[in-house]
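Order of the sequence lines fixes the chain letters, A, B, ..., with proteins taken first and strands second; residue numbering starts at 1 for each chain. Fair warning: this is a prediction, and the values are worked out from it, not measured in the lab.
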Protein chains: 4
Amino acid sequence: MSDGPAPSMFTVPDPPVSVRGRRTRENLIEAARTVFEKVGFLDARLIDITTEAGCSAGTFYTYFETKEQIFAAVMDRAREEMLHPGVPHVTERDDPRAVIEASTRAYLEAYRGNARLMAVLEQVANIAPEFRRLRNDRAKAFIARNARGIAELQERGLADRTVDPELASSILSGMISRLAFSYFVADVQLGEFPRTDLDTLAETAARLWANALLIGEKS
Amino acid sequence: MSDGPAPSMFTVPDPPVSVRGRRTRENLIEAARTVFEKVGFLDARLIDITTEAGCSAGTFYTYFETKEQIFAAVMDRAREEMLHPGVPHVTERDDPRAVIEASTRAYLEAYRGNARLMAVLEQVANIAPEFRRLRNDRAKAFIARNARGIAELQERGLADRTVDPELASSILSGMISRLAFSYFVADVQLGEFPRTDLDTLAETAARLWANALLIGEKS
Amino acid sequence: MSDGPAPSMFTVPDPPVSVRGRRTRENLIEAARTVFEKVGFLDARLIDITTEAGCSAGTFYTYFETKEQIFAAVMDRAREEMLHPGVPHVTERDDPRAVIEASTRAYLEAYRGNARLMAVLEQVANIAPEFRRLRNDRAKAFIARNARGIAELQERGLADRTVDPELASSILSGMISRLAFSYFVADVQLGEFPRTDLDTLAETAARLWANALLIGEKS
Amino acid sequence: MSDGPAPSMFTVPDPPVSVRGRRTRENLIEAARTVFEKVGFLDARLIDITTEAGCSAGTFYTYFETKEQIFAAVMDRAREEMLHPGVPHVTERDDPRAVIEASTRAYLEAYRGNARLMAVLEQVANIAPEFRRLRNDRAKAFIARNARGIAELQERGLADRTVDPELASSILSGMISRLAFSYFVADVQLGEFPRTDLDTLAETAARLWANALLIGEKS
DNA sequence: AATGAATGAGGGTTCATTCAT
DNA sequence: GATGAATGAACCCTCATTCAT
């Protein structure tokens with residue numbers, strides 16, 4: 001249920017000096033992502049990761065101190081892939097409903113592309129406080145951006161002015177991220193969702209969002 | 001992120017015959033709930049539970065086979081406390097918006113009352129597949145009930161007929177459960193939410209829900 | 001590899017007084033035999049035995065002190081069934097070879113009828129010293145009887161006088177008991193013996209025995 | 001009651017790479033043998049073995065997965081020491097009775113040299129099916145070799161042609177292995193055999209064997 | 001930098017045995 | 001006599017972490 005890009009929270013020991021060192025570190029991070037996505041955080045043993053990376057157990061500690069730390073590195077690495085627009089500022093002068101739908105779709109697509117990693121983040125966030133923070137920070141960034149969008153629409157008289165934009169954003173942003181989680185993680189894990197296609201999903205969610213804020217009909 | 005009552009999923013071995021046995025089993029379940037709420041599922045050791053229950057380590061196995069099983073018993077026990085109304089059928093002839101607000105408030109209050117346990121369920125659901133199912137079943141029950149409510153409003157011409165009631169319900173129900181989770185679990189764990197009071201929360205969420213479905217203003 | 005009847009080696013606590021008590025004790029012994037034959041001595045849990053006997057765990061200790069003790073009782077009970085003739089004294093004036101064959105067959109048949117119990121005895125004898133003694137005492141009794149038979153044949157000039165009857169008996173008696181063990185226990189457990197029929201087996205073994213002692217041809 | 005060499009049955013995980021690793025593995029095997037011979041298989045705790053080997057408990061699992069597996073390694077290691085001739089083929093042109101006596105003596109001597117280990121094997125074979133197989137395979141190899149010897153003697157007209165060489169061999173080979181077991185294991189454990197010396201033992205057993213097959217007198 | 005063997009704390013689990021009812 | 005719940009010692013096994021090479 002992470003909601004967007006956020007700056008790294010953890011610092012790893014010494015930034016590797018040699019080429020070989022940099023290479024090994026890369027391997028470890030890729031291996032960790034592979035292993036985490038396959039078996040989750042808890043069941044991943046460090047030795048699985050080092051084996052996958054083609055190095056020995058001890059080498060792990062040259063670059064990382066804990067499993068948590070390498071997970072942070074994995075999440076960090078995944079940041080760019082997970083960039084998504086949120087609800088863009090309306091200064092982009094498009095029709096608000098079109099903008100909302102586009103950004104909802106973009107969010108869902110980004111989530112889908114990283115669903116397995118999101119599942120792991122969710123697992124970890126419910127285990128380790130430091131990742132709870134990571135998850136929540138991402139959520140907050142997403143909420144803040146959307147809150148700005150809502151506020152601007154309100155200022156332009158295009159959205160319901162009676163709701164607090166922060167609060168409305170946190171509720172509606174949660175709606176979207178929860179949808180993504182249900183759709184791409186929770187239910188997929190059980191193989192049992194009414195498999196609505198992503199287009200319908202994005203369209204419906206965007207409509208509900210726009211209606212909720214009493215945003216006027218698409219012209 | 002559980003959303004409602006659901007039937008028990010696990011059977012525990014031989015229900016104790018004697019009074020003493022029943023007593024001990026009760027103690028264990030209460031102790032387990034206490035321990036789980038304090039340290040979570042993963043960090044709970046069986047010996048913590050038996051110590052809390054005032055019995056020896058071996059006694060655990062007289063009543064349960066695994067930590068998962070006693071957790072299931074705890075959840076089972078907590079079922080009644082967590083009953084909540086969902087969006088009641090509109091046959092209850094109240095103003096729809098009032099009904100939605102009341103049931104939203106009821107949901108949030110029920111969730112708040114079991115927040116720590118919900119946090120644990122969320123942790124467990126992301127670890128053990130059998131509890132993923134438990135969580136999802138509860139969510140589904142909640143969604144199904146709300147879907148019926150939405151369909152009835154649509155039939156009476158009081159709600160937007162262009163959305164699929166099932167899909168709309170899964171999105172909006174997710175919005176509510178996610179809100180409850182964020183508000184009472186995720187953020188509380190970090191101590192950092194803009195502490196909106198529950199009334200405002202329920203009111204805003206209900207308004208967004210009603211608007212999303214284009215339900216007419218409170219007369 | 002037990003070889004014959006032997007007196008009980010263990011004394012059980014108080015000989016049960018009441019009828020009900022006697023009955024329970026019987027049940028326990030029968031149950032123990034059933035369980036031992038099914039899963040062996042090591043894997044038999046006292047609770048398996050009491051369950052099979054239809055009584056509670058605690059009741060066991062009314063009649064026995066240890067698993068070893070009830071096993072001794074089982075063996076004791078099985079004594080009569082396992083009576084077998086050995087090589088009868090030649091005062092029985094039959095043809096020596098016929099006598100040897102008859103008694104070999106009798107031994108093998110008796111062994112076959114108690115094969116599962118013999119397997120357990122063998123297991124136990126290699127675990128618990130007190131049963132090693134039980135097994136060996138039975139073997140000795142068998143050897144002693146056969147030694148007397150050999151000595152008598154020697155005295156009558158019908159068998160090789162150059163061998164020590166005690167030593168010859170221990171070797172040849174071992175041959176028979178080993179054959180029974182291989183045939184009815186060891187290989188059966190693996191399901192892979194060249195399944196010679198018991199007649200051929202007895203006949204061949206008896207011929208080898210008689211030849212070994214240079215006993216004259218059947219007249 | 002094992003009867004001869006047999007190929008290894010178990011493979012242990014990753015043969016250690018470093019010298020140090022090989023050394024530790026050796027230590028563990030030697031330690032295991034020591035401990036097994038002292039207290040048997042069942043009473044041997046892994047920690048006894050690692051302590052004896054001078055390493056920590058966890059190290060065991062670097063080289064072996066179970067107590068059964070290290071026992072297999074011990075037996076494997078002991079294979080060469082236990083090579084014994086069986087009844088050599090008569091192509092060796094010696095007097096058959098001399099050959100039989102020599103090989104009987106060789107068998108008994110080999111058995112005596114590994115008596116404690118044989119006792120353990122016998123214990124284990126009556127507990128764990130995989131070792132039952134090990135024991136029986138060894139027995140079969142011994143029987144097969146002796147059967148060939150008997151068949152050759154029959155072909156040369158030097159032995160009773162009326163018995164099936166396979167069956168006769170299984171009976172007589174059993175006689176020898178049973179003798180070895182009784183003499184060096186079962187009775188020694190109780191300290192109560194009429195301590196016949198090995199020469200007499202071998203001589204008598206060989207004579208009985210040869211007589212049983214009606215092999216002509218030593219010229 | 002990399003190796004991989006060694007460590008050992010820590011938890012789960014079993015089941016013979018006891019004992020209050 | 002019978003019950004069956006409670007006990008707790010005993011042992012196995014995992015795996016993150018260290019460190020000599």
Between [N] ([atom2]) and [X] ([atom1]): distance, integer Å:
X	N	atom1	atom2	result
A:N27	E:dA1	CG	P	15 Å
D:R23	E:dA6	CZ	C1'	16 Å
D:I70	F:dC13	CD1	C1'	15 Å
D:L28	E:dT7	CG	C1'	14 Å
B:E68	E:dG11	CD	C1'	14 Å
D:E26	E:dA5	CD	P	14 Å
B:I49	E:dG11	CD1	C1'	13 Å
A:F71	F:dA16	CZ	P	16 Å

Got a salt bridge between C:E37 and C:R33, using NZ or NE/NH1/NH2 to carboxylate O under 4.0 Å?
yes
Determine, for A:R77 against A:E26, whether the closest basic-nitrogen to carboxylate-oxygen distance falls under 4.0 angstrom.
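Salt bridge flag = yes for A:E26 with A:R77.
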Donor-acceptor contact present, side-chain [X] to main-chain [Y], <3.5 Å:
X	Y	value
A:Q123	A:F41	yes
D:K67	D:R45	no
B:Q69	B:E65	yes

Contact under 4.0 Å: [X] side-chain N or O vs [N] OP1/OP2:
X	N	value
A:T24	E:dA1	no
D:Y63	E:dA6	yes
A:S56	E:dT3	yes

Looking at CZ of D:F71 and CG of D:L117, how far apart are the two atoms once the value is rounded to the nearest 0.5 Å?
6.0 Å
CD1 on D:I29 to CZ on D:F36, rounded to 0.5 Å:
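One finds 10.5 Å between CZ of D:F36 and CD1 of D:I29.
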Would you write the dot-bracket representation of DNA chain F, where each base gets (, ), [, ], | or . depending on whether it forms a Watson-Crick or G-U pair under 3.5 Å and with which partner?
.||||||||||||||||||||
Carefully, step by step, assess C:T24 and C:T62 under the rule side-chain contact (heavy atoms from CB on, under 4.5 Å).
CA-CA 10 Å; C:T24 304; C:T62 305; over 6 Å; no
Sugar-phosphate or base contact per nucleotide [nucleotides 13-21 of chain E; S, B, -; heavy atom under 4.0 Å]
BBSSBB---
Toward the 5' end of DNA chain E, which comes first, A:C55 or D:C55, by nearest nucleotide?
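Nearer the 5' end of the strand: A:C55.
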Sugar-phosphate, base or nothing in reach of D:S18, heavy atoms under 4.0 Å
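Sugar-phosphate only.
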Could you pull out every donor-acceptor pair under 3.5 Å between side chains of residues 51-59 of chain C and any protein atom, sequence neighbours left out?
| unit_1 | atom_1 | unit_2 | atom_2 | d |
| --- | --- | --- | --- | --- |
| C:T51 | OG1 | C:I47 | O | 2.6 |
| C:S56 | OG | C:T59 | OG1 | 3.2 |

